[in-house]
Amino acid sequence: MNQQIFQTPIAYLKGVGASRADVLQKELGVSNYADLLKLYPYKYIDRTRFYKVNQLTAELPHVQLIVRVRSKEVVGEKHTKRLVVQSYDDTGSLELVWFQGIRWVEKMIEVGKAYIVFGKPGFFNNKAQMAHPEMELYSPNALKEKGNLTLQPAYSSTEKLKSYMLDSKGIQKLVANLLEQTSRDITENIPQHIISRFKLMSRREAYVNIHFPADAATLAAATNRLKFEELFFIQFKMLKNKVQHNLKFKGNIFSKVGDYFNNFYNNKLPFDLTNAQKRVLREIRQDTQRGIQMNRLLQGDVGSGKTVVALMSMLLAIDNGFQTCIMAPTEILATQHYASIESLIDDSFLEVALLTGSTSAKKRKVIHQKLESGELKILIGTHALIEDKVIFKNLGFVVIDEQHRFGVEQRARLWRKNAVPPHVLVMTATPIPRTLAMTLYGDLDVSVIDELPKGRKPIETIHFYEGHRLRMFGFMREEIAKGRQIYVVYPLIKESEKLDLKNLQDGVEVMAHEFPLPQYRISIVHGKMSAADKQVEMDRFVRGETHIMVATTVIEVGVNVPNASVMIIENAERFGLSQLHQLRGRVGRGAEQSYCILMSSHKLSHDGKVRLETMVKTNNGFELSEIDLQLRGPGNIEGTQQSGVLDLKLANLATDQQMLLLARKCVEEIFEKDPQLELPENAILNQPAVLPNGGLSWDKIS
Ligand code: ADP
Ligand code: MG
């Protein structure tokens with residue numbers, strides 16, 4: 001058996017050669033045998049059925065007919081030059097046209113002979129037509145030779161490839177050559193016990209049949225097998241990382257619940273925890289007793305109460321003699337965390353310090369000292385936390401806000417601050433669907449707060465078309481009269497920043513007209529302003545000195561103004577679902593009924609309409625994220641771009657969720673029973689794959 005054969009440069013394949021190898025690489029990224037084997041057909045064409053000319057309609061996909069050629073003629077000059085072939089069957093005539101390869105096709109086609117033609121029917125002046133059909137001389141034998149190959153694979157090609165005779169059919173021939181030469185070398189890579197349990201097709205059969213399916217059922221089985229394989233190995237890599245990580249990294253054991261936790265719970269906590277909060281605390285409690293470093297992702301909508309959960313986990317760490325910290329991506333967010341932690345515990349209970357880029361040198365020095373001595377137990381800050389000068393005496397628990405903004409390397413640096421790495425809780429307010437989380441963060445444990453605190457008034461979301469603008473102004477005046485503040489947000493699209501700024505300026509002008517001084521005051525914040533100017537404007541709004549904050553999406557990142565109860569989103573159709581939801585999360589933080597108004601033009605795309613309808617229908621971030629996944633596909637969901645998710649060739653995280661769950665379960669069971677993969681039944685998983693599993697890479701957490 002030849003393990004290396006799939007790495008063979010494609011030039012060596014029968015029928016390729018140097019110049020074709022070059023275009024295959026440039027046009028399709030196919031540089032070796034494995035690449036070609038994984039160049040799956042994008043569709044299959046049913047060649048069991050023959051149409052008659054009078055059955056053709058413009059709506060039909062590619063179809064085949066048997067026609068006899070009546071005449072052929074090259075017409076037109078230069079770029080209008082084309083070959084026109086008239087043909088017919090017993091029901092009507094069909095015109096066949098070529099714009100390229102004219103000389104060659106003309107030579108091949110013989111007047112008077114019958115051909116099987118295959119192509120997409122079209123109509124011109126009510127005449128049935130086909131451009132660039134595939135042609136094959138008809139004979140009863142030709143039909144027989146097709147044998148049981150009823151579904152023909154179609155490969156995507158390009159003009160460039162076609163000029164090298166690598167149209168779909170040309171590529172098909174190469175794949176056939178490849179399979180002929182190498183199919184014996186395609187060996188199994190999934191343990192037999194799983195193959196048998198799920199009655200999966202063997203790997204070799206699957207590769208042969210995905211290219212040349214014997215029939216629809218076999219194709220389905222082949223596709224199924226290869227999809228499963230993709231999902232299985234993503235999960236395998238994730239969980240293998242996790243298992244190895246757990247074997248390698250010890251974790252501090254928080255054995256007791258002590259005074260800080262109990263005192264807080266009994267005397268300070270101003271409300272009852274929601275069931276979801278309790279559940280997550282239990283999960284963290286369990287994780288921190290195992291002697292293994294915890295890596296947990298905490299997902300929960302804005303306002304779901306993640307901060308309290310983080311704080312209580314930190315108190316648990318402190319009760320066990322450790323220091324803790326919270327790291328946020330921006331200074332504003334760090335400051336807000338600091339404020340909300342301080343509002344829950346005062347300095348007489350426990351000292352809390354804030355360390356950011358703008359902390360004075362003097363304060364900084366004091367903080368450094370207290371950290372080193374172990375006196376300071378809670379530190380909140382930005383990247384400043386992971387500077388080398390910051391030395392903890394005994395850091396035991398780290399909370400990271402907003403996963404995707406912190407690189408792996410940054411996290412690792414934080415962990416290196418201790419011999420035994422601290423437990424890590426990553427918090428994110430951008431819920432993502434379960435299957436996506438499983439794939440993106442598959443080596444983290446995931447906790448979910450899917451319940452808002454009781455008594456919270458759900459934000460009311462309304463969709464207004466442009467024609468309702470006056471009603472919107474009326475509504476704004478009512479709310480301001482009640483003492484509320486209002487956000488008006490304009491989309492910011494990078495490609496047309498100028499246009500956006502213009503939109504915003506026009507908007508401001510209209511606002512200024514509708515809401516004149518001195519009764520109304522407006523703050524304006526946009527990306528072109530200096531950080532200092534932005535801050536001044538934000539502060540005015542936070543202090544309640546202005547009534548309306550007109551902004552581009554810069555406000556998305558963590559402003560907290562409880563008195564702001566209305567969020568108006570202009571051109572709402574231009575925002576993605578998760579962004580709309582994030583923006584909506586800016587209101588609904590106070591006791592008042594809050595509103596989100598989505599303004600849109602009358603012209604909406606289908607997806608745009610679904611997005612706005614979904615926003616009106618639900619406030620639940622997880623539900624929204626599922627719909628977002630269906631609408632946009634996994635590749636466009638935030639955070640997926642850099643991961644290997646996009647390398648999936650067959651499986652689709654939006655539509656193959658069941659299979660993903662199954663693959664995950666399978667892999668979990670394997671590692672539960674055999675964490676080091678020592679059992680003979682799993683031996684295959686320790687072998688380097690004969691055929692690489694695709695370009696999956698996962699920046700692993702270690
Ligand atoms: P998140 O960080 O998830 O956006 P926070 O932790 O900031 O949410 O909580 C939002 C607000 O809800 C805070 O004012 C917090 O004190 C309050 N809160 C948290 N948990 C509860 C609860 N169980 N019951 C009532 N209010 C809560
Ligand atoms: Mg928060």
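For ligands, and for the atoms within them, numbers begin at 1 and follow the listed sequence. What you see is a predicted model; the values in this text were computed from it and never measured. Worth knowing before you read on, the calculation uses all heavy atoms, side chains too, and leaves out hydrogens, waters and symmetry mates.
Across the listed options Ile449, Leu452, Thr307, Thr307 owns the non-hydrogen atom lying nearest to atom 6 (O) of ligand 1. Distances from atom 9 (O) of ligand 1 to the heavy atoms of Gly305, Gly300, Ser340 put Gly305 nearest.
Remark: ligand 1 atoms within the under-4.0 Å shell around heavy atoms of Asp272 are 22 (C), 23 (N), 24 (N). Within ligand 1, the atoms closer than 4.0 Å to a non-hydrogen atom of Val302 are 4 (O), numbered from 1 in the order shown. Every atom of ligand 1 with a heavy atom of Thr274 under 4.0 Å away is listed here by number and element: 23 (N).
A donor and an acceptor atom, one from each side chain of Asn262 and Asn266, are nowhere located under 3.5 Å apart.
A donor-acceptor pair under 3.5 Å is formed between the side chain of His423 and the backbone N or O of Asn252.
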Could you pull out all donor-acceptor pairs under 3.5 Å where a side-chain atom in residues 271-283 meets a protein atom, sequence neighbours excluded?
residue, atom, partner, partner atom, Å
Thr274, OG1, Gln277, N, 3.1
Thr274, OG1, Gln277, OE1, 3.3
Gln277, OE1, Thr274, N, 2.8
Gln277, NE2, Gly305, O, 2.9
Arg279, NH2, Val448, O, 2.6
Glu283, OE1, Ser447, OG, 2.4

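With a 4.0 Å heavy-atom cut-off, ligand 1 is reached by no atom of Met427.
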Passes ring-ring contact (aromatic ring centres under 6.0 Å, His included), Tyr260 versus Phe349? Steps please.
CA-CA 8 Å; Tyr260 280 117; Phe349 183 82; 5.7 Å; yes
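Judged as a salt bridge (Lys or Arg N to Asp or Glu O under 4.0 Å), the pairs with a partner in residues 250-271 (not counting sequence neighbours) are, in order, Lys268-Asp346.
Taking the six-membered ring where the residue is Trp, Phe397 and Phe254 present tilted rings, their angle falling between 30° and 60°.
Close N/O approach between Leu273 and ligand 1 is not found [any backbone or side-chain N/O within under 3.5 Å]. Note: no N/O pair closer than 3.5 Å links Lys454 and ligand 1 by distance alone.
At least one heavy atom of Asp301 sits less than 4.0 Å from an atom of ligand 1.
Taking the ring axis of Tyr487 as reference, the NZ or CZ atom of Arg586 does not stay both within 45° of it and closer than 6.0 Å to the ring centre.
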